[in-house]
Amino acid sequence: MLAKTFVPHEVEEAIYARWENSGAFAADPASGKKPFTIMIPPPNVTGSLHMGHALTFTLQDVLIRWRRMQGRDALWQPGTDHAGIATQMVVERLLAAEGLSREQLGREAFLARVWQWKEQSGGEITRQLRRLGASLDWRRERFTLDPGLSAAVRRVFVTLAREGLIYRARRLVNWDPKLKTAISDLEVENREVKGHLWFIRYPLAGEAGRFIEVATTRPETMLGDVAIAVHPEDARYRALIGREAILPLVGRRIPVIADPFVDREKGTGAVKITPAHDFNDFAAADRYDQAHGTPLPRPSVIDREGRITLAELAGLSRDGEAAAWFDADFLASLEGMERFAARAAIVARLEERGLLVKVEDHLHTVPHGDRSGVPIEPLLTWQWFADAKVLAAPAEAAVREGRTRFVPQMWENTFFAWMRDIQPWCISRQLWWGHRIPAWYGPDGQVFVAESEEEARALARTAYGEEVALRQDEDVLDTWFSSALWPFSTLGWPDETPELARYYPTDVLVTGFDIIFFWVARMMMMGLHFMKDVPFRDVYIHGLVRDERGQKMSKTKGNVIDPLAIIEEFGADALRFTICAAAGPGRDIKLSRARIESQRPFITKLWNAARFCEMNGIRGETAPPAAASHPLSLWILAAAGRAIAAANAALEAYRFDEYALACHHFLWDVFCDWFLEFLKSPLTREAPEAAELRRVAGYVLGVVLRLLHPVIPFVTENLWGHFGFGAEGTLIRAPWPEPAAPAGAEAAYGAVEGVIRLIGEIRSVRAALNVPPAARPTLRILPGADAEGGFLGMIGTLEEQILRLAQLGTIERVQPGAALPGVRLELGGVAFGLDVAGLIDVAAETGRLRESARKLAREAEKLADKLARPDFRARAPAEVVAETEARLADLRREQQAIETSLVQLAALAG
RNA sequence: GGGCGGUUAGCUCAGCGGUAGAGCAUCUCGCUUACACCGAGGGGGUCGGCGGUUCGAAUCCGUCACCGCCCA
């Protein structure tokens, strides 16, 4: 016997273990089945399950389970990425608690420590994904630092380097002074901050007492100024172009240059140029250098920890007049000072010297490191870059040609926009945890890129003609570099494995729009370059999970909902069903406890429907009875067929919400509300058709379980085993249902739907007229000339059901011409009289009828007007005209019926 | 400043050229032998504003407003 209530946490873990241990999640490369593959976007090894994960993995699991049941060889590839910065930060924090730094420990020992952490605490999320029910093929779990995946990284790096698509260069990069590493453009977050605009006077050379005034948001960088730029057509400054100003404090002469990119409206229209600490200034210096013979210097005045450094100013010239503005002692005092402290010191000093004109409040965007949260310092450093532009072109073409399809399609725009303006990708990181860059340097700095040290040594021997000492590059690669290879590195590449041949390209990538660039774009680039084919056919982009007010969930805001707590309380199925039902196309999902609570009863409903079946001797049937002929059998089989078709159409289109809705509607509004209710009378009295109806019910219950299994796998699996549809834990492998449509099913469907409408009408009348619940009035039936035969017959067949569900005493057929006392109804060409004389308030009923007569009249008038317009008849399609006419005719009939009823009521009253 | 998305019942959202829908909430009635996490019935919307296209617009086009996101 099924328990009175379903208690998810009592069964979920056992069911999951059974699936996992029985190999139900395992892909089978040797099978003859058509593969269906999804690569999990590997979560961060330091991560733990949050609602965003719950969303993305629920949707992926729905797709995987559905396709697996359809008989596909499903591969859902699990794993985690090594998350260079995040993991290093975690372990450094642990060390700090012991009073240690990674530098004290040394690289080798530190890495050993990280591995130790990874083995013990890493990958917590893979355990949590099991709680969610995710049917990942765990035996194939990968980690981006696995030997195989690392070999793939080296192969890709070396290949691209030899093709000239990876190169080393000294460039301005986004430097994170807290983490002391370069980061890519994508890891920079532009935040709007309230800052200031400082207006500073720079003395003009050769004209004592005259100045040029500049405005800046970063006065501390003035130490590294090499020019002042004005717009070439700015009348205020035209005369100054080509002359020189004096950089105060530093005491250097710098030119006033013209650059059309200067915004004349902003500040004073004159800007200081600091090429070593600003991307725009760097570009301006480049432009200047190309137009002039003598290049501008590019002194760095801030170091890797964000402190002032004066070393690079030392070599720069300083002559007599400028030297007068040289502030030697003050300058020396800045050495090693933190950049924001230096800002304050410099502003104060400028003010003392009468060079600070004013300070204005200023709202501007400042780049911050997305991990560290500190302002980025643009810094000139040696880094490795990937030529993203060249790699992007085939990826862009693949989407343009439809070889990879975005769902919803609008995300293509985002993808194209980024691809069009793509910048060189800085792939080196000044970290220890990650793939060490496979490049070695000779004594003279010559670089040897190779997959192994031996290979590099061989290259060096050839180059130098002798054995020399080599030093490997200290840096590691961006984590996303290895993630970009995931769709093929996990399948064994660069080896030509059977898996690689079979599962690449994958079918669909499911992810959020926030990582289209990190993931989708980079996997496309690498996949196309190395596999010569796209990594996935479809990219399904879902929204972000937000709280009930539409705010992003974050720990600092304290508005996070912990999926594990929800699973503990309501069960994984309730969470999954809520998510699935809420996953409309291209929208963020507002999630709250209340929302999950409101969907949970659906699980309970399924449970109780199953209990009803069990109590009534219904057993699991995997096939519909071959000779099913009772109209209720035919009707429910037809309805199930519609539900199956709706679910398939929804899932094919990635419409998870419609899939959930179709299942919900079929189970609740059709199977429970009508089918099971219809069954009560014949089963209770053991009618002749009871045996057939039991078998059909057992079969349709199985259809429901199979249809719902992808989204609510635990409760369905539990019931599957309980009813003996198959062995315990085998629903996951059961065949996806096919519509079963015996002869006559559609006709029966229409007739039974008519009976359902009739019962609904009677219930409405009863409620509207306050007929006492215990009253059992008589229903009289008077078939009209155009009565639908099937419907009329069905009223006879389902008489006991109608009596029960409409709470009637008897049903009588009357002869034409007979009166129909009471309330008159008109349906399917049949007139019905509900004899409620004496049970109702005649005046109230008269009022009700008049009101509905008014409504009908309004509607009929609208349709009549429409039909009266010649344009409508001439231009609208014939079927629309016919439909409108039919609707009007229906309305007229209803109006007639009400008129008749009113006359009868008047007689009753009189 | 440029781009994208949104604005439909009290709330959350479908619908995207031919009768305005769902879930939740609300109101009335009901412990009818699966389920009160239930059953039955009801109320509630000039589909953000304006203009246009069309026989017909929530749906297509233009424009404005407000909200959100991305990029400068």
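Each chain gets a letter, A, B and so on, in the order the sequences are listed, and its residues count up from 1.
Under the 30°/60° scheme for interplanar angles, the aromatic rings of A:F406 and A:F415 are found to be tilted. Ring planes of A:F671 and A:F666: tilted class, angle from 30 to 60°.
Only the C1' atoms considered, B:U8 is 10 Å distant from B:G48, to the nearest whole Å. Straight-line distance between the P atoms of B:U32 and B:C37: roughly 15 Å, to the nearest whole Å. Here, B:C55 and B:G17 have their C1' atoms 12 Å apart, quoted to the whole Å. Taking atom P in both B:G43 and B:A58, the straight-line distance is 22 Å, to the nearest Å. Rounded to whole Å, the separation between the C1' atoms of B:G2 and B:G10 comes to 38 Å. Atom name P, nucleotides B:A40 and B:A22: the rounded distance is 14 Å, in whole Å. Taking the C1' atom of each, B:G18 and B:U54 are spaced 12 Å apart, rounded to whole Å. B:G68 and B:G44 have their P atoms separated by 33 Å, with the value rounded to a whole Å.
Residues A:S764 and A:E761 bring no donor and acceptor atom of their side chains to less than 3.5 Å of each other. Residues A:H722 and A:E614 bring a donor and an acceptor atom of their side chains to less than 3.5 Å of each other.
Residue contacts shown for A:D421 are absent, as no nucleic acid heavy atom lies under 4.0 Å away. Here A:K605 lies in heavy-atom contact (under 4.0 Å) with a base. A:A609 comes within 4.0 angstrom of a base, heavy atoms only. Across all strands, A:T414 comes closer than 4.0 Å to no nucleic acid atom at all (heavy-atom distances). When heavy atoms are screened at a 4.0 angstrom cut-off, A:R655 is found touching the sugar-phosphate backbone but no base atom.
The nucleotide range of RNA chain B contacted by chain A, defined by atoms under 4.0 angstrom from heavy atoms of the protein and reported 5' to 3', is B:G5 to B:A72.
Under 4.0 Å is where a charged nitrogen must lie from a carboxylate oxygen, and between A:E569 and A:R593 at least one such pair does. Between A:E189 and A:R371 there is no salt bridge, since no side-chain N of the basic residue sits under 4.0 Å from a carboxylate O of the acidic one.
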Can you list the steps and then say if A:R858 with A:E861 is a salt bridge (charged side-chain N to carboxylate O under 4.0 Å, His left out)?
-> CA-CA 5 Å; A:R858 270 199 301 273; A:E861 195 183 355; over 6 Å; no
For RNA chain B, what is the dot-bracket line, given that a base pair needs Watson-Crick (N1 to N3, plus N6-O4 or O6-N4) or G-U wobble (N1-O2 and O6-N3) geometry with both distances under 3.5 Å, and | means paired with another strand?
-> ((((((((.[[[[.)..(..]]]].(((((.......))))).....[[[[[..)....]]]]]))))))).
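A:R576 places no side-chain N or O within 3.5 Å of a backbone atom of A:L55 that could act as its donor or acceptor partner.
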